[in-house]
Amino acid sequence: MKCTFVDVAPESDFSIQNLPYGIYSTADAAEPHVGVAIGSHVLDMGALARLGLFGGIAGLDAERVFGQPQLNEFMSLGRPVWRAVRLALQSFLSDGENATRRQVGSVGAVAVPLSAARMHLPASIGDYTDFYASREHATNVGTMFRGKDNALMPNWTHLPVGYHGRASSIVVSGTALRRPSGQRRPDPARPPVFGPSARLDYELEAAFFVGPGNALGTPLSVEQAEERIFGMVLMNDWSARDIQAWEYVPLGPFLGKNFGTTISPWVVTMDALEPFRAPQPAQDPEPLPYLRTPPSAPAHGGYDISLSVDIKPSGRDEFFPLTRSNLKHMYWSLRQQLAHHAINGCNMRPGDLCGTGTISGPTDESFGSMLELSWSGQKDVPLGDSGVTRKFIEDNDVVRITGSCQGDGFRVGFGECIGQVLPALDLGL
Ligand SMILES: O=C(O)/C=C/C(=O)CC(=O)CC(=O)O
Ligand SMILES: [Ca+2]
Ligand SMILES: [Mg+2]
């Protein structure tokens, strides 16, 4: 299928096979509203709704849903509506004889260049959970925090371990964050000290948005979970390792994590990712029945999404590679994570965000955090052949995550998840 409405370069993340949704504003339309990315443009979903493009879709009040400043209501409508909207968009973009297309006239009537769009958070995120689903990452971090013999806890291969994060400090790509200050204990023989984190890190993650929710007390099966995931974004779960290591016993991540979490602005739908399903790693021991794949669900729970992390060190103009990984390394699939989250009756709501956990793979270059790359600060990580090295993230460094699936002549990509670290505030403490 080819987009004839605007030109789409083969290496563009935003092909007609992708069509990710986001919330944007422009100088002329300052209220955030729903858009869909195609090539180097953003299409105004509200304008298309007013032209009647989504008129025949049962269960969709398109002008209202696409006139919202967030995607929660669209997310709540479920897969049949999402698919019908996707088909209408693909027909509009590829078929010059489409009735709406004839009315539009110029591209400028319904689209702006991406460069003119200011992106906002795609949803009002009520709750945010972060999992710990890469076996390699959990083994690496466990070895550093608790020693080789306690690296992987006995529960890890039986359930997707997770923690409840903080939704209020999730920010959209491009938002700068300050280095956090907190309690740390650099010398285990001495009392803790207070000050700016000296071991600030990134975590390469993806995250999924929940679509239709479930009522309190009513679990979701793996099969139901599969149908309720709207789409995915890239995520950087910024982590202050020194604050984390001192505070986390016994209740888990807290201030070492909740000072900021960055997500990419475009939500790539699970329908766009469908052709890129891939086997997840073999699960041994076999999980309990509520986490198994039923014969009626698609066989593969994994996705083949290439992921990169690059850094622009302070004072330099170019980016250098840190991590090259892939979502297919995740031991626990998205649908297992969601089914596990709701198995006790916890109610999930449209727009809730679940991080996959750091996506490390088996090779050193696939390690998804500085903690792993520098092995807890024991070795310098060279940045290309620049002569610059890092153990952790320094002030004014910029960290960028990108990710995409390569199809035959087209790409389904996420755009960027980018953030700069500003120096800590001087609290005079
Ligand atoms: O205590 C530990 O083993 C580590 C915990 C984390 O870093 C939590 C986390 O964010 C998990 C992840 O991203 O995979
Ligand atoms: Ca994390
Ligand atoms: Mg975080």
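Ligands are counted one by one from 1 in listed order, and the atoms in each one are counted from 1 as well.
Within the 4.0 Å heavy-atom cutoff, Met153 does not count among the residues contacting ligand 1.
The protein atom (non-hydrogen) at minimum distance from atom 5 (C) of ligand 1 is Gln244 NE2, 3.4 Å. Scanning the protein heavy atoms around atom 13 (O) of ligand 1, the nearest turns out to be Thr358 OG1, 2.8 Å. Nearest non-hydrogen protein atom to atom 2 (C) of ligand 1 is Tyr132 OH, 3.3 Å. The nearest heavy-atom contact from the protein to atom 9 (C) of ligand 1 is Lys257 NZ, 3.6 Å.
Under 4.0 Å from ligand 1, not a single heavy atom of Met144 appears. Of the heavy atoms in Val141, only side-chain atoms (C-beta onward) come closer than 4.0 Å to ligand 1. Here Tyr163 has side-chain heavy atoms under 4.0 Å from ligand 1, and that is the only part of it that gets that close.
Side-chain atoms of Ser366 and His329 include no donor-acceptor pair closer than 3.5 Å. His33 and Tyr24 form a side-chain donor-acceptor contact under 3.5 Å, judged by distance and modelled atom types alone. Of the N and O atoms on the side chains of Thr363 and Arg324, not one donor lies less than 3.5 Å from an acceptor on the other residue.
Checking side-chain atoms of Ser239 against main-chain N and O of Arg241 turns up no donor-acceptor pair under 3.5 Å.
If you number the atoms of ligand 1 from 1 as listed, the ones under 4.0 Å from a heavy atom of Asp237 come out as 10 (O). Interface of Arg146 with ligand 1, defined as ligand atoms under 4.0 Å from a residue heavy atom, comprises 1 (O), 2 (C), 3 (O). Distances below 4.0 Å separate heavy atoms of Asp130 from the following atoms of ligand 1: 9 (C), 10 (O), 13 (O). Of all the atoms in ligand 1, the ones that sit under 4.0 Å from a non-hydrogen atom of Arg241 are 7 (O). Listed by number with element, the atoms of ligand 1 under 4.0 Å from a non-hydrogen atom of His137 are 12 (C), 14 (O). Proximity to Phe131 (heavy-atom distance under 4.0 Å) selects the following atoms of ligand 1: 11 (C), 12 (C), 13 (O), 14 (O). Near Glu205, with a cut-off below 4.0 Å to any heavy atom, the atoms of ligand 1 are 13 (O).
Between Tyr21 and Phe66, the ring planes are parallel. Angles under 30° get that label, and only those over 60° would be called perpendicular. The aromatic rings of Phe367 and Trp375 sit tilted relative to each other, their planes meeting at an angle between 30° and 60°. Between Tyr331 and Trp156, the angle of the ring planes lies from 30° to 60°, which puts this pair in the tilted group. A parallel orientation is assigned to the rings of His340 and Tyr290, their planes being inclined by less than 30° (bins at 30° and 60°).
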Go through the steps for Arg390 and Asp397 under the test salt bridge (charged side-chain N to carboxylate O under 4.0 Å, His left out), then give the verdict. CA-CA 10 Å; Arg390 284 290 182 270; Asp397 287 355; 2.7 Å; yes
In sequence, state the C-alpha distance, the side-chain angles, and the governing distance for Asp380 and Lys391, and then conclude on salt bridge (charged side-chain N to carboxylate O under 4.0 Å, His left out). CA-CA 5 Å; Asp380 284 315; Lys391 289 187 165 100; 3.3 Å; yes
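When the N, O or S atoms of Glu205 are ranked by distance to the Ca ion (ligand 2), OE2 comes first. Asp237 contributes OD2 as its N, O or S atom closest to the Ca ion (ligand 2).
Pairing each heavy atom of Ser197 with each of Ala240, the nearest pair is OG-CB, 3.5 Å.
Under a cutoff of 6.0 Å and an axis angle of 45°, Arg400 and Phe319 form a cation-pi pair.
In this structure, OE1 of Glu203 and OD2 of Asp130 enclose an angle of 160° at the Ca ion (ligand 2), rounded to 10°.
Taking any N or O of Tyr248, backbone or side chain, none lies under 3.5 Å from an N or O belonging to ligand 1.
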